[in-house]
Amino acid sequence: MRIGILALQGAVAPHQAKLAALGVEAPAVREAAGLEGLDGLILPGGESTTFLKLIGHFGLAQPLKAFAETRPLWGVCAGTILLARRVENPSQRSLGILPFTVRRNGYGRQNESFIAGFELRLPGRPAVSQEGVFIRAPHVTARDDGVQVLGEHEGWPVALQYGRHLATTFHPELSEAGHLHRYFIALCEDASQRRASG
Ligand code: GLN
């Protein structure tokens, strides 16, 4: 199992440490060739506008969309913004892979960053309590029917799944629990088995 971390910018090393602890190789990906042979990819937190510029500069938009057709992506905070179909506050381009709308910096100025617990309901697993580290996180303000909500905080979806893809508006790589990394590995294994059985 090899799960790449899009390493143009942002919080890369903590994801690599989490995956390494779970026995998964996690190469940093900076160009399209780096996607080859990967079972999944994490788009980490950072600054989505900077990511967008670098994705354009390195010609990564099409390769990422093609990758998403057969392999799982997991967007974390800014990564979620990049994957959303629509971005507001202000509106900006995105990869448009996940059918939901996000509002950047949804928690506003006085509460830009905070830590809060909530119930995480991963399909096929018992519900657990998860710590959420929110850093200038977006709000998911609208979504299509096929988008599953795996956790909410104050009524806002903070963990979502769409088919093989995952999105979290908080930073699970900064908390001790490994539920979401383990779950993403399972999604990647599942997708890899599907590809193998044609
Ligand atoms: N507010 C940032 C953005 O809009 C995201 C912050 C994060 O990834 N922690 O890109």
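Start at 1 and go down the list; that is how both ligands and their atoms are numbered. Here the structure is a predicted model, which is why all the values come from computation and not from measurement.
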Query raised in the report: Under 4.0 Å between a Lys/Arg side-chain N and an Asp/Glu carboxylate O for Glu47 and Arg104?
Result: yes
Requested in this report: Please report the shortest heavy-atom distance between Cys77 and His171, naming the atom on each side.
Outcome: CB-NE2, 3.6 Å
Query - Residue pairs passing the side chain to side chain donor-acceptor pair (under 3.5 Å) test where at least one lies in residues 153-162, sequence neighbours excluded - result: His139-Trp156, Gln161-Tyr183
**Report entry** salt bridge (Lys or Arg N to Asp or Glu O under 4.0 Å) against Arg93, all qualifying residues, sequence neighbours excluded
**Finding:** none
Report summary line: Residue set satisfying salt bridge (Lys or Arg N to Asp or Glu O under 4.0 Å) with Arg85, at least two apart, ordered chain then number -> Asp144
Query raised in the report: Where the side chain of Thr169 meets the backbone of Ala137, is there a donor-acceptor pair that is under 3.5 Å apart?
Result: no
**Report entry** Sub-4.0 Å heavy-atom environment of ligand 1, residues by chain
**Finding:** Gly45, Gly46, Glu47, Ser48, Cys77, Ala78, Ile81, Arg104, Asn105, Ile135, Arg136, His171
